[in-house]
Amino acid sequence: MTFVIPAAAPVSVPVLSATVGQSFPVRRIYCVGRNYAEHAIEMGFTGREAPFFFMKPADAVLVVPPNTTGRMHYPTLTKNLHYEAELVVAIGMGGRNIRAADALQHVWGYAVGLDMTRRDLQTEMKQQGRPWCIAKGFDESAPIGPVVPAAQCTWSANSRIELAVNGVTRQSSTLGHMIWSVAEVIEHLSAAWILAPGDLIYTGTPENVGAVAVGDVLTASIAGVGDLAVSIVEGVAS
């Protein structure tokens, strides 16, 4: 096959395993909205609503290799950039209408991720009844640490998910506070789209999201999965 313009390089995330140099290819990024009850409340909602999803482009990924601090450029058009720490699910086997009871068989691994949000633009788009892709799907809006094979992960419902800004804890909860579990998310998601190997699912964030500024360092961690560190810097993403 001959392309009329140069083809974009494939997007991938390093894999934390015994085999050096392996990467997880990214096909799509799905995100779950308001999947922790306390976060839903702070956003003005209550109750166990049906899960809903939005997407980020695959190249919104900001890859942060192990034991390093990533550099995220403060995005344009916003004065209110928010962090959201999340458990990320990496799909290794696709399917449609996957039952929750079978869902974890489709998971290749897990990672720690950040769903960065231009909150002021999101609020504006919501008020106007318009899509808020501009608030969620911008360049570098999906920082992610290495993907850890599922067999090497030891997370449970009691595992803590935390985020600190400049060493001060801002978010602290457990994965058991998710309204919809990983398996249930996969069940609902696969009823709407055919999942495929390479899909990433950002599973939602706990309460106490907030703004960051240039110079801030974000450190996110999930017990049994790993850590992620990102510094907010000036300039424009390339």
Open item on the list: Can you tell me how the ring of Trp193 sits relative to the ring of Phe53, calling it parallel under 30°, perpendicular over 60° and tilted otherwise?
Closed with: perpendicular
- [ ] Please determine, by modelled atom types, if Ser17 and Gln152 share a side-chain donor-acceptor pair under 3.5 angstrom.
- [x] no
Open item on the list: When you measure from the side chain of Glu86 to the backbone of Gly204, do you find a donor-acceptor pair of N or O atoms at a distance under 3.5 Å?
Closed with: yes
Open item on the list: So, using ring-ring contact (aromatic ring centres under 6.0 Å, His included) as the criterion, who are the partners of Tyr83 when residues are at least two apart?
Closed with: none
Open item on the list: Looking at Asn97, I want to see if its CG is surrounded by more than 12 non-hydrogen atoms of other residues, nucleotides or ligands under 6.0 Å.
Closed with: yes
Open item on the list: Quick check on Lys126: does its NZ atom have over 12 non-hydrogen neighbours (other residues, nucleotides or ligands) under 6.0 Å away?
Closed with: yes
- [ ] Kindly give the cluster partners of Phe3, where membership spreads through any ILVMFWY side chain lying under 4.5 Å from a current member.
- [x] Met1
Open item on the list: Which residues end up grouped with Ile29 if you chain together Ile, Leu, Val, Met, Phe, Trp and Tyr wherever their side-chain heavy atoms are less than 4.5 Å apart?
Closed with: Val11, Val13, Val15, Phe24, Val26, Val61, Val63, Val88, Trp108, Ile144, Val147, Leu200, Tyr202
TODO: Determine yes or no for a side-chain-to-main-chain donor-acceptor pair under 3.5 angstrom, with His106 supplying the side chain and Met93 the backbone.
DONE: yes
TODO: Would you please test Leu87 and Leu175 for side-chain contact (heavy atoms from CB on, under 4.5 Å) and show each step?
DONE: CA-CA 8 Å; Leu87 173 68; Leu175 296 179; 4.1 Å; yes
TODO: Report yes if some heavy atom in the side chain of Lys56 is under 4.5 Å from a heavy atom in the side chain of Cys31; otherwise report no.
DONE: yes
Open item on the list: With rounding to the nearest 0.5 angstrom, report the NE2 to CG distance, His82 to Asp115.
Closed with: 12.0 Å
Task: Within 6.0 Å of CD in Glu234, more than 12 heavy atoms from elsewhere - done: no
Open item on the list: So Leu81 and Met116, do their side chains get closer than 4.5 Å, heavy atoms only?
Closed with: yes
Task: Distance-only side-chain donor-acceptor flag, Ser141 / Lys136, under 3.5 Å - done: no
Open item on the list: Checking one residue: Trp132. Which other hydrophobic residues are in its cluster under the side-chain 4.5 Å linking rule?
Closed with: Phe52, Phe54, Leu77, Leu121, Met125, Ile134
Open item on the list: Between Thr219 (side chain only) and Ala229 (backbone N and O only), is there a donor and an acceptor less than 3.5 Å apart?
Closed with: no
TODO: Check the pair Glu162 / Thr169 against side-chain hydrogen bond (donor to acceptor under 3.5 Å, both in side chains), numbers first and verdict last.
DONE: CA-CA 7 Å; Glu162 297 185 323; Thr169 300; 5.4 Å; no
Task: Backbone of Arg99 reached by a side-chain donor or acceptor of Asp102 within 3.5 Å - done: no
TODO: Would you please name every residue forming a ring-ring contact (aromatic ring centres under 6.0 Å, His included) with His188, sequence neighbours left out?
DONE: Trp180
- [ ] Answer yes if the side chains of Ser172 and Arg160 hold a donor-acceptor pair under 3.5 Å, and no otherwise.
- [x] yes
Open item on the list: Donor-acceptor check, side chain of Asp216 to backbone of Val165, threshold 3.5 angstrom: yes or no?
Closed with: no
Open item on the list: I'd like to know whether CD1 of Ile194 has more than 12 heavy-atom contacts from other residues, nucleotides or ligands below 6.0 angstrom.
Closed with: no
Task: Sidechain-backbone polar pair: Arg118 side chain, Thr76 backbone, donor-acceptor under 3.5 Å - done: yes
- [ ] Say whether, by atom type as modelled, one donor and one acceptor occur between the side chain of His177 and the main chain of Tyr36 under 3.5 angstrom.
- [x] no
Task: Heavy atoms of other groups near Arg28 CZ, more than 12 under 6.0 Å - done: yes
- [ ] Please name all residues satisfying ring-ring contact (aromatic ring centres under 6.0 Å, His included) with Phe138, sequence neighbours left out, ordered by chain then number.
- [x] none
TODO: Pick out which of Val107, Val182, Leu189 makes a side chain to side chain contact (heavy atoms under 4.5 Å, CB included) with Ile201.
DONE: Leu189
